[in-house]
Q: 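Sharing a structure below in structure tokens format, with a few things to ask.
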Amino acid sequence: MSKKLLWSIYGLFFVAGIAQSAIVPLLPRLSAEHGLTPSETGLLLALPGLATLAVSVPAGVAADRLGARRCTLLAGVVLCVSCLAEAAPSLSLLLVGRLLFGVAYGVVWTTGAAWLAELDSEPGGSRIGPSVTCASVGMMVGPAVGGLVAGAGATGLPFLLIAIAAAGVMVPLTIAGARPAATARDQAVGYSESVELASSVGYGEPVPYGGRRTSAIRTALQRPGVVAAMGALVVSGAVSSVSQLLISGSLHHDGLSSGRIGLAFSLAAVSYIAVSLTVVRLGARVRTLRFNALATAAMAVVLVPGLLSGSATVLIATLMAASMPRAMVSTISYSLASAGSEANGGNGDSSADGSVFGAINGAWAGSLVLTPLLAGALEQHGGARLGYLAVIVPALIIAIGLLMRARPRAVAAHVTIAS
């Protein structure tokens, strides 16, 4: 496997992370420029999640049938176009850009992870975890880029720079990805010639039944690791989106500038990266259902300080604390869900990994869509505390369910059912 190809894929995750978080410190400024209400600002933040929700499952199916490489390269092109649209000084183009970004983001996180799983030569999905770390580095850089660059120029300037960076990543990624594709085509030609020769002497292959693939996907979605990853990412998406919406708005009301808000989110991202790197180093020791459940429980209670106090110091501390368990579950979730994960028995059907990643991304995107809308509406009518409760209560319920499923007897029973 080419290291250049591997790091080019990681580079795409990095740029996507920048594009995802660059808008956070700009939300108050965009709201003022376009006259948006809190619920409308929440919709602006939720639009990419809505698009990601719509494309994640189809992208996973496309990755399994058409190839993860092709889908990922196409997503990189859409990412460039979306950032150019967001850079335009028009609310209509901004909304279109947010939707296109959600499409690109959802496809990258689905087919990009599936591409890494294909390239992974080690069991357990060890190549997938670093993509989360690279994306988290981008998310750290994003708020600083958004706040500081926009502070020195136009609001759309950060998105223009991100579009240029995305194009810069796509060139080496396309070149490096073409070589393995050519090798695969050569192998496919040789295979087809062998099949033709076998057929000429009376031998042939059975044609697989079309329903068998649907059954394989349905079975894969019942894996204990898939259920655990899906629940953890739902909570992670909810905590992340409510932090971006409510905490950034409260810091703005406390008098912090866009640049300082961006730096606060970047500071929280530093702890996210440190934890993600630690999780990658620990490897299989933390890629377990129990660790995932405990991290989800931590996410369920980490927003309580923000619920109790609205001071800037407490809110920034809450941002940093929330980033740690989010980094834990995000780094291990895709590895847990993969066919080679020990949580799934280590011998699942890897041909359905793309569809599995699409399903868990869809669940994550659903929380990104619903949580800002619900939290924004509750904030508008009852204050920020109701917005926090909209995340804390459902997160606690999910965390309790995952802790119960992580018990040894429950794990053994679910592995038996899934197999």
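The shown structure was predicted, so the numbers you read here are calculated from the model rather than taken from an experiment.
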Q: So does Leu282 get a backbone contact from the side chain of Arg285, meaning a donor-acceptor N/O pair under 3.5 Å?
A: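 Checked: pair present.
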Q: Does Ile128 offer a backbone N or O that forms a donor-acceptor pair with the side chain of Ser131 under 3.5 Å?
A: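 A pair under 3.5 Å: yes.
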Q: Under 3.5 Å, is there a donor-acceptor pair linking the side chains of Tyr272 and Ser330?
A: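 Result is yes, a qualifying pair exists.
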Q: As an exercise, state the distance from CE of Met230 to CG of Leu402, rounded to the nearest 0.5 Å.
A: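 Separation between the atoms: 11.5 Å.
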Q: How long is the span from the CG atom in Leu246 to the CG atom in Leu303, to the nearest 0.5 Å?
A: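 These two atoms lie 8.5 Å from each other.
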Q: Please find the pair of heavy atoms, one from Asn292 and one from Ala232, that lie closest to each other, and give the distance.
A: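 Taking Asn292 first and Ala232 second, the nearest heavy atoms are OD1-CB, 3.3 Å.
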Q: With side-chain contact (heavy atoms from CB on, under 4.5 Å) as the criterion, how do Leu27 and Ile261 come out once you've worked through the C-alpha distance, each side chain's angles and the decisive distance to 0.1 Å?
A: CA-CA 10 Å; Leu27 286 174; Ile261 294 174; over 6 Å; no
Q: Only counting residues at least two apart or in another chain, list the ones meeting side-chain hydrogen bond (donor to acceptor under 3.5 Å, both in side chains) with Ser21.
A: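 So Ser21 forms no side-chain hydrogen bond (donor to acceptor under 3.5 Å, both in side chains) with any residue.
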Q: Hey, can you tell me if Trp7 and Tyr10 have their rings parallel, tilted or perpendicular (30° and 60° cut-offs)?
A: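 Rings of Trp7 and Tyr10: perpendicular, as their planes differ by over 60°.
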Q: Using 30° and 60° as the class boundaries, would you call the ring planes of Tyr334 and Phe357 parallel, tilted or perpendicular?
A: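 Plane angle over 60°, so perpendicular.
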Q: Within the 3.5 Å criterion, strictly below it, is a donor on Ser335 or Arg287 matched to an acceptor on the partner's side chain?
A: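 Per modelled atom types, Ser335 and Arg287 side chains form no pair under 3.5 Å.
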Q: Can you confirm whether or not the ring centre of Trp115 sits under 6.0 Å from the ring centre of Phe13?
A: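 When the ring centroids of Trp115 and Phe13 are compared, they turn out to be at least 6.0 Å apart.
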Q: Is there a side-chain contact between Leu94 and Leu44, using heavy atoms and a 4.5 Å cut-off?
A: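 Yes. Closest side-chain heavy atoms under 4.5 Å.
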Q: Is there a donor-acceptor pair closer than 3.5 Å between any side-chain N or O of Ser82 and the backbone N or O of Leu79?
A: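 Yes, Ser82 side chain to Leu79 backbone: donor-acceptor pair under 3.5 Å.
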Q: Could you tell me whether the side chain of Val280 reaches within less than 4.5 Å of the side chain of Val132, counting heavy atoms only?
A: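 They are not in contact (no side-chain heavy atoms under 4.5 Å apart), so the answer is no.
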Q: Do Thr133 and Phe14 come within less than 4.5 Å of each other through their side chains, counting heavy atoms only?
A: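 When only atoms from C-beta onward are counted, Phe14 and Thr133 do not touch, as no gap falls below 4.5 Å.
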Q: Donor-acceptor pair, distance only, cut-off 3.5 Å: does the side chain of Ser367 make one with the backbone of Val234?
A: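 Pair found, side chain donor or acceptor close to backbone of Val234.
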Q: Begin with the C-alpha distance, continue with both residues' side-chain angles, and end with the deciding distance and a verdict on side-chain contact (heavy atoms from CB on, under 4.5 Å) for Trp364 and Thr52.
A: CA-CA 9 Å; Trp364 170 76; Thr52 298; 4.1 Å; yes
Q: Is there a side-chain contact (heavy atoms from CB on, under 4.5 Å) between Leu99 and Leu95? Walk through the geometry before answering.
A: CA-CA 6 Å; Leu99 283 171; Leu95 295 175; 5.7 Å; no
Q: Atom CD1 of Ile360 and atom OG of Ser355: how far apart are they, to the nearest 0.5 Å?
A: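 Ile360 CD1 to Ser355 OG: 11.5 Å, rounded to 0.5 Å.
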Q: How close do Val301 and Pro305 get, heavy atom to heavy atom, and via which atoms?
A: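 Looking at all heavy atoms of both residues, the shortest contact is O-CD, 4.1 Å.
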Q: Using the test side chain to side chain contact (heavy atoms under 4.5 Å, CB included), find all partners of Val279 that sit at least two apart in sequence or belong to another chain.
A: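 Listed in chain order: Val275, Val286, Met328, Thr331, Ile332.
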Q: Look only at the side chain of Thr174 and the backbone of Met170, and say whether a donor-acceptor pair between them is shorter than 3.5 Å.
A: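 Indeed, once roles are kept as given, a pair shorter than 3.5 Å links the two residues.
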Q: Nearest 0.5 Å, please: how far is CD in Gln20 from CD1 in Ile162?
A: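 Output value for this atom pair is 10.5 Å.
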Q: Specify the closest pair of heavy atoms between Ala63 and Cys71, including all atoms of both residues, with the distance to one decimal.
A: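 Result for this residue pair: N-SG, 4.0 Å.
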Q: Can you tell me which residue among Leu294, Thr296, Val239, Val235 is in a side-chain contact (heavy atoms from CB on, under 4.5 Å) with Val329?
A: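 Option passing the side-chain contact (heavy atoms from CB on, under 4.5 Å) with Val329: Thr296.
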Q: Nearest 0.5 Å, what's the CG-CG distance between Leu91 and Leu30?
A: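 Leu91 atom CG to Leu30 atom CG measures 9.0 Å (nearest 0.5 Å).
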Q: Can you give me every donor-acceptor pair (side chain of residues 314-324, partner residue at least two apart or in another chain, under 3.5 Å) with its distance?
A:
{"residue": "Thr318", "atom": "OG1", "partner": "Val314", "partner atom": "O", "Å": "2.8"}
{"residue": "Ser323", "atom": "OG", "partner": "Ala268", "partner atom": "O", "Å": "3.1"}
{"residue": "Ser323", "atom": "OG", "partner": "Ser271", "partner atom": "OG", "Å": "2.4"}
{"residue": "Ser323", "atom": "OG", "partner": "Met320", "partner atom": "O", "Å": "2.6"}

Q: Can you tell me how far CG of Leu308 sits from CZ of Arg385, rounded to the nearest 0.5 angstrom?
A: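 Arg385 CZ to Leu308 CG: 7.0 Å, rounded to 0.5 Å.
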Q: Using distance only, find each side-chain donor-acceptor pair of residues 387-397 under 3.5 Å and give its atom names and separation, not counting sequence neighbours.
A:
none

Q: Over all heavy atoms of both residues, which pair between Ala166 and Cys80 is shortest? Give the atoms and the distance, please.
A: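 Answer, listing the atom of Ala166 first, then Cys80: CB-SG, 3.5 Å.
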Q: Can any side-chain N or O of Thr41 pair as donor or acceptor with the backbone N or O of Ser31 at less than 3.5 Å?
A: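 It does not hold such a pair.
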Q: Only one of Asn361, Thr72, Asp64 clears side-chain hydrogen bond (donor to acceptor under 3.5 Å, both in side chains) with Thr111; which?
A: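 Among the candidates, only Thr72 passes.
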Q: Which salt bridge (charged side-chain N to carboxylate O under 4.0 Å, His left out) pairs, counting each pair once, include a residue from residues 95-107, with sequence neighbours left out?
A: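 Listed once each, the pairs are Glu86-Arg98.
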Q: Ignoring hydrogens and geometry beyond distance, is a side-chain donor-acceptor pair present between Ser136 and Ser276 at under 3.5 Å?
A: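 Absent: no donor and acceptor within the cut-off.
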Q: For Pro224 and Leu289, work out which heavy atoms get closest and say how close.
A: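 Looking at all heavy atoms of both residues, the closest pair is O-CD2, 3.8 Å.
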Q: Do you know the tightest heavy-atom contact between Ala165 and Val15?
A: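 Heavy atoms of Ala165 and Val15 come nearest at O-CG2, 4.2 Å.
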Q: Considering residues at least two apart in sequence or located in another chain, which fulfil the side chain to side chain contact (heavy atoms under 4.5 Å, CB included) criterion with Ala85?
A: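 Partners of Ala85 under the side chain to side chain contact (heavy atoms under 4.5 Å, CB included) test: none.
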